[in-house]
Amino acid sequence: MSHKKVEILVVGSGPTGLGAATRLQQHGHPDWLLLDSAESAGGLACTDKTPEGFLFDMGGHVIFSHYQYFDELIDSAVGTGEENWNTLERVSYVRLKNRWIAYPFQNNISALDTDDQEKCLTGLVEAKVQNALTKDKPTSFDEWILRVMGVGIADLFMRPYNFKVWGVPTTHMQAEWLGERVATVDVTKAISNVLHKKEDAGWGPNAVFRFPKEGGTGGIWKAVADLLPAENTQYGSGNEVIHIDPEKKVVTLKNGSTIQFAKLMTTVPLDLTLRMLGGPKCTEWADGLTHSSAHIIGLGVRGVNPHGMKCWLYFPEDDCPYYRATVFSHYAEENAPSEFTTLPTLCLANGEDPSSNNARPGPYFSLMFEVCESAMKPVKQDPVRLGGTAGVWPQVVLDTIKGAISTNLIEADAEIVSVYHRRLEHGYPTPSLGRDAVLKEALPYLRSKNIWSRGRFGSYKYEVANQDHSCMLGVEAVDNMLFGSMEITLNQPNIVNAKKNIDLLYK
């Protein structure tokens, strides 16, 4: 046990914490410490590697950016150019009624059968008329969907898909978070696309994205962490913060040590931070925040990738537990073992045992699945034994393999050579109806105690929760600490999401 004093303490070495730390270093600040209970940097943007050599991110992370600072930072850490990065075009589809429909779904109803086209177009026209007559803002995400897309698209895709993502009905979510996250619909264009049977893909800020050639997404943040002086970083399980005394400005760690700070930036989920502070008001605020958990499931499969240029895929129906699957081996060659690597087949996808003495070379491809868990959407986690030598895994892994067969991602006799599963307690910060009321009180309260709670879960704003946003939340928090600068990403999401932000530079 020990006691330290530091002027600025940064808790968490995900994109937000590393953004803060690199900014402190850039400013030449003499007295700061980055603390993390993990063994290495990355946070929710880390990458795991299976014993067989398959890499899996903690979700479908890709690199696209609204900030020059972010671009310069990761390029300084990873390097630039084709030798370090792959540039890919997003090729995404929705799986519905045994067919692939280009994403975003609402722009591609031309791919539906005639009856569903009629329902969707009728709903679109009715919504356009109704929305023109309504002056009030929508009071929920569900109301926004109905006003913008109509009941046809709502029932066919938006409601079931979003329940699979968030684990709560769209009626329980607000509409203020949407911004660039959800594509709206041009009714005239939608009708034209149906008549001309035209596909309309490529929407969104990540229509083209980049991905590191080595190390997965986590490799980016390990490289950023390597830019920092070792004496300013402290990793390991004993460094978990278990209590915060806002009056004495002291954090207590799991190993019994204490650290006194003048200013604290924490990326710990806000609900947990509030509970560590204690008191009835903090507990009330924590109870007012909602999050879902995420199960990341990865399969390494022998064979040539059968999905061409597809990147990530969406699944609104109940024939599989996952809402999204990513052809992860497509992002980088190093995400799967070399075709010359000899691996045994652990099991066949249909549960049958593979033949004995089946170790042989590849090629290989990999699929990564994301499954939401919430109080309203429980996930089966009882241990089950997969076939062959694949071992014992939670039921959700078996259900995912069955779903992969039913949604035509793998064949029933596919040879699975690697299985991965990880549960993240905090997966998505839910934009619930009561979220903003909590943030309006809790974040200023913490700020009054010289505590900046920032990040995907630190500030609970999903609208600024991508890697670029998260990094800049840390950067801007440090500038606010030192100079009183405005935190535009935290306070004005619509502004930062509408342009390329070039005001701050890393180089």
Side-chain angles (χ1 to χ4, degrees), residues 3 6 8-12 14 16-17 20 35-37 43-44 139-141 166-169 171-174 176-177 239-293 373-378 424-465 473-474 477 480-481 487 490-491:
H3 179 75
V6 64
I8 298 178
L9 177 62
V10 178
V11 177
T16 306
L35 191 73
D36 200 308
S37 60
L44 289 176
T139 58
S140 70
F141 184 26
W166 298 99
V168 296
T171 52
H172 290 207
M173 298 171 63
Q174 56 157 287
E176 295 298 319
W177 64 279
N239 294 300
E240 178 184 349
V241 176
I242 61 173
H243 183 259
I244 303 172
D245 187 327
E247 307 306 327
K248 295 181 179 179
K249 293 184 170 51
V250 172
V251 301
T252 302
L253 308 183
K254 186 178 180 180
N255 62 17
S257 300
T258 56
I259 302 176
Q260 189 164 16
F261 60 87
K263 297 175 181 179
L264 169 65
M265 197 204 78
T266 172
T267 67
V268 172
L270 178 58
D271 52 313
L272 300 184
T273 295
L274 292 167
R275 295 190 195 282
M276 283 192 280
L277 268 66
K281 197 63 182 176
C282 287
T283 300
E284 178 186 339
W285 289 331
D287 290 343
L289 295 170
T290 305
H291 74 273
S292 60
S293 301
E373 176 191 345
S374 71
M376 299 181 70
K377 187 183 175 298
L424 306 172
E425 170 58 36
H426 283 76
Y428 275 75
T430 311
S432 61
L433 293 174
R435 182 201 69 173
D436 287 356
V438 170
L439 298 182
K440 187 176 180 180
E441 294 188 21
L443 293 180
Y445 168 78
L446 292 174
R447 176 63 185 81
S448 74
K449 303 297 182 182
N450 272 7
I451 300 173
W452 285 254
S453 183
R454 301 291 184 265
R456 179 180 177 91
F457 275 100
S459 43
Y460 250 83
K461 290 190 175 183
Y462 181 69
E463 52 268 47
V464 281
L473 285 168
N480 181 259
M481 287 180 185
E487 296 180 82
L490 176 71
N491 296 307

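Residue numbers start at 1 and run along the sequence shown.
Residues satisfying the salt bridge (Lys or Arg N to Asp or Glu O under 4.0 Å) criterion with Lys449, sequence neighbours excluded, are Glu247. Listed by chain and residue number, nothing satisfies the salt bridge (Lys or Arg N to Asp or Glu O under 4.0 Å) test with Asp245 (two or more places apart in sequence, or in another chain). The ring pair (Phe, Tyr, Trp, His ring centres under 6.0 Å) check on His426 picks up His291, Phe457, with sequence neighbours excluded.
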**OP:** Give the C-alpha distance, both sets of side-chain angles, the deciding distance and a yes or no for side-chain contact (heavy atoms from CB on, under 4.5 Å) between His3 and Gln260.
**Re:** CA-CA 8 Å; His3 179 75; Gln260 189 164 16; 3.7 Å; yes
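For residues 241-263, there are no ring pair (Phe, Tyr, Trp, His ring centres under 6.0 Å) pairs, not counting sequence neighbours. For residues 267-278, every residue pair satisfying the salt bridge (Lys or Arg N to Asp or Glu O under 4.0 Å) rule, not counting sequence neighbours, is listed here: Arg275-Asp287.
Using a 4.5 Å heavy-atom threshold, the side chains of Leu270 and Leu439 count as touching. Residues Tyr445 and Lys281 fail the side-chain proximity criterion, which asks for heavy atoms closer than 4.5 Å. Two residues are said to be in side-chain contact when any heavy atoms from C-beta on lie closer than 4.5 Å; Val241 and Leu253 meet this criterion.
Aromatic rings from Phe141 and Trp166 are positioned such that their centres are separated by 6.0 Å or more.
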Donor-acceptor list for residues 428-437 side chains, cut-off 3.5 Å, not counting sequence neighbours:
unit_1 : atom_1 : unit_2 : atom_2 : d
Tyr428 : OH     : Tyr323 : OH     : 3.3
Tyr428 : OH     : Arg324 : NH2    : 3.4
Thr430 : OG1    : Thr290 : O      : 3.2
Ser432 : OG     : Arg435 : N      : 3.3
Arg435 : NH1    : Tyr460 : O      : 3.2
Arg435 : NH1    : Glu463 : OE1    : 2.9
Arg435 : NH2    : Glu463 : OE2    : 2.9
Asp436 : OD1    : Gln174 : NE2    : 3.3
Asp436 : OD2    : Gln174 : NE2    : 3.4

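Under the side chain to side chain contact (heavy atoms under 4.5 Å, CB included) test applied with Leu264, the options Val10, Asn450, Val11 reduce to a single match, Val11.
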